[in-house]
Structure formats: C-alpha cells, structure tokens
Amino acid sequence: MKLKILLLAVALFGGASSVFLLRASGGSDRRPGPAAGTTVRLYSEETKGYVSLPAVVKTAAEWKAQLTPLQFQVTREAGTERAFTGELWNNHRKGIYRCVACATDLFRSDTKFESGTGWPSFWKPIAPENVEEHADGSLGMRRTEVLCRRCGAHLGHVFDDGPKPTGLRYCMNSASLRFVPSE
C-alpha cells in the first residue's frame with residue numbers, strides 16, 4: 001500500500017515561512033488545474049461583470065520562478081501555512097483578495113470575518129465561477145478543498161461552520177492571496 005502522505009512538516013517554533021506540506025504519493029486528490037488552451041469565464045471586480053480569460057498553465061519551474069517558496073508550497077503543493085503567521089489573517093482594510101498566482105478576483109473584504117482560526121476567512125467568494133471546490137480526503141479527514149478556477153492554485157478549504165447568510169467559512173491561506181486595497 002502506498003504511503004498516502006509523503007510529508008507532514010510541522011514547525012512549532014519556526015518562522016512565518018513554516019508550512020504544513022500535504023502531498024499525496026503517486027499523484028494527489030487535487031485536480032491538475034485547467035487544461036492549456038482553455039478559456040474560463042470569471043467575474044471581474046474591475047469590469048463589474050463576467051469576462052472570458054485564458055487558463056493559466058505553467059510548469060513547476062515556471063511557478064517556482066514566479067512565486068516565493070511559501071507561495072509555491074501552498075498554491076502548487078496544497079500546503080497550509082501556520083495559523084496566525086500569514087500577512088492577511090488580521091487584515092481589516094477594504095479591498096479585493098486576488099489569487100497570488102494569476103490575479104483572479106476571489107473575495108471581497110466585506111465578506112471577510114473573524115473566525116478565530118488564524119487564517120483569512122470569508123463567508124462567500126466574489127463569484128462561484130471564480131473558485132473550484134472538490135472533495136479532499138487527505139489526512140484521513142473529509143474536507144472540501146478550494147482552488148482558483150483560472151490556474152488551479154490551492155487556496156484553502158471551505159467548512160459549513162461560518163456566519164449567516166451562507167453559513168460557510170472559506171478558510172484561505174494568506175500565501176495564496178494578494179490583497180488589493182480599494183482606492
């Protein structure tokens with residue numbers, strides 16, 4: 001039987017770059033992301049409407065050149081940053097949260113709430129078309145993973161213990177997001 005989890009690195013006293021790295025052997029439960037040459041329909045906060053954009057598909061080497069090591073571990077290898085260490089968990093400014101890998105609009109600040117978990121939490125995405133959700137059975141738990149629809153970046157997980165009106169908690173990694181303040 002193959003070892004399901006290759007590595008679970010927990011740095012109790014490490015710096016902000018410490019992550020829990022979750023990776024399945026022989027592939028993973030994660031979808032590989034959009035196919036090269038495809039177009040995705042997404043909501044754009046800038047245009048206040050839907051746009052069709054090419055999927056963002058890159059090699060691991062190209063992602064490593066673009067992203068920091070922590071961003072790569074989280075977005076491309078489904079890692080999780082340590083709670084209360086990310087730049088955005090305690091951000092209270094108004095603006096938009098975008099995918100760090102492809103700049104897709106993901107969440108608005110007016111849907112962010114204090115979950116007490118140490119990760120940025122939102123009660124809904126900017127548009128359901130901008131994220132992709134699927135079952136995640138890693139670590140022997142049943143969760144729902146949230147990915148960026150345009151590039152397949154791992155963002156975090158969604159749980160059903162959030163506030164009204166949706167009752168959802170989109171628990172995201174700061175390392176997977178780029179915050180753009182409102183002007």
Side-chain angles (χ1 to χ4, degrees), residues 19 30-58 62-68 70-81 85-115 117-134 136 143-183:
V19 298
R30 295 182 64 235
R31 293 183 184 173
T38 61
T39 301
V40 290
R41 182 177 180 264
L42 305 167
Y43 179 83
S44 166
E45 184 66 18
E46 185 178 337
T47 66
K48 303 285 188 226
Y50 288 90
V51 297
S52 291
L53 297 170
V56 177
V57 180
K58 297 182 180 187
E62 290 170 321
W63 285 123
K64 283 182 180 182
Q66 175 186 329
L67 303 168
T68 68
L70 177 60
Q71 290 169 338
F72 181 84
Q73 288 175 325
V74 169
T75 63
R76 308 323 306 176
E77 298 180 317
T80 300
E81 67 198 8
T85 63
E87 291 180 25
L88 301 173
W89 77 270
N90 200 27
N91 181 34
H92 298 285
R93 296 177 291 164
K94 299 243 182 263
I96 299 294
Y97 293 83
R98 292 185 174 152
C99 176
V100 73
C102 71
T104 293
D105 295 336
L106 298 170
F107 299 95
R108 289 188 183 98
S109 59
D110 62 356
T111 64
K112 188 172 187 286
F113 69 97
E114 294 300 321
S115 66
T117 62
W119 290 281
S121 296
F122 306 86
W123 49 267
K124 77 173 187 175
I126 200 164
E129 294 85 356
N130 291 27
V131 297
E132 187 173 303
E133 299 175 10
H134 66 89
D136 175 5
R143 302 179 292 173
T144 302
E145 183 182 23
V146 180
L147 305 171
C148 172
R149 172 118 28 220
R150 187 171 183 208
C151 72
H154 170 79
L155 305 172
H157 291 86
V158 61
F159 303 93
D160 62 2
D161 61 358
K164 292 180 181 181
T166 64
L168 299 174
R169 174 173 52 96
Y170 285 82
C171 191
M172 304 292 102
N173 289 283
S174 289
S176 67
L177 304 172
R178 181 170 49 99
F179 178 72
V180 180
S182 300
E183 297 184 62

Looking only at non-hydrogen atoms, find the nearest pair between [X] and [Y] and report the distance.
| X | Y | result |
| --- | --- | --- |
| E133 | Y170 | OE2-OH, 2.6 Å |
| V74 | A175 | CG2-CB, 4.0 Å |
| S176 | H154 | CB-O, 3.6 Å |
| L106 | C99 | CD1-N, 3.4 Å |
| W63 | V56 | CH2-CG1, 3.7 Å |

Atom [atom1] in [X], atom [atom2] in [Y]: separation rounded to 0.5 Å?
| X | Y | atom1 | atom2 | value |
| --- | --- | --- | --- | --- |
| L88 | M172 | CG | CE | 12.5 Å |
| E132 | R150 | CD | CZ | 14.5 Å |
| Y50 | R41 | OH | CZ | 5.5 Å |
| L155 | S174 | CG | OG | 12.0 Å |
| D160 | T166 | CG | OG1 | 10.5 Å |

Has S115 got a side-chain atom pairing as donor or acceptor with F113's backbone, closer than 3.5 angstrom?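 Side chain of S115 to backbone of F113: no pair is present.
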Donor-acceptor pair, side chain of D136 and main chain of E145, under 3.5 angstrom: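 The answer is no, because no donor-acceptor pair under 3.5 Å joins these two groups.
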With ring pair (Phe, Tyr, Trp, His ring centres under 6.0 Å) as the test, pick out the partner of Y97 among F122, W89, F107.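 The residue from F122, W89, F107 that satisfies ring pair (Phe, Tyr, Trp, His ring centres under 6.0 Å) with Y97 turns out to be F122.
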side-chain contact (heavy atoms from CB on, under 4.5 Å), that's the test. Do T80 and N173 meet it? Break it down for me. CA-CA 7 Å; T80 300; N173 289 283; 3.6 Å; yes
Evaluate whether atom NZ of K58 has more than 12 neighbouring non-hydrogen atoms of other residues, nucleotides or ligands under 6.0 angstrom away.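 Yes, because the 6.0 Å sphere around NZ of K58 holds more than 12 heavy atoms from other groups.
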With side-chain contact (heavy atoms from CB on, under 4.5 Å) as the criterion, how do T104 and R149 come out once you've worked through the C-alpha distance, each side chain's angles and the decisive distance to 0.1 Å? CA-CA 8 Å; T104 293; R149 172 118 28 220; over 6 Å; no
Using the ring of each side chain (for Trp, its six-membered ring), is F159 parallel, tilted or perpendicular to H157, with breaks at 30° and 60°?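 Tilted, since the angle between the ring planes falls between 30° and 60°.
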Name of the residue among L53, I126, V51 meeting side-chain contact (heavy atoms from CB on, under 4.5 Å) with S44: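 Running side-chain contact (heavy atoms from CB on, under 4.5 Å) over L53, I126, V51 with S44 returns exactly one hit, V51.
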Candidate list K94, R93, E87, test side chain to side chain donor-acceptor pair (under 3.5 Å), partner N91, passing option: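 Result for side chain to side chain donor-acceptor pair (under 3.5 Å) with N91: R93.
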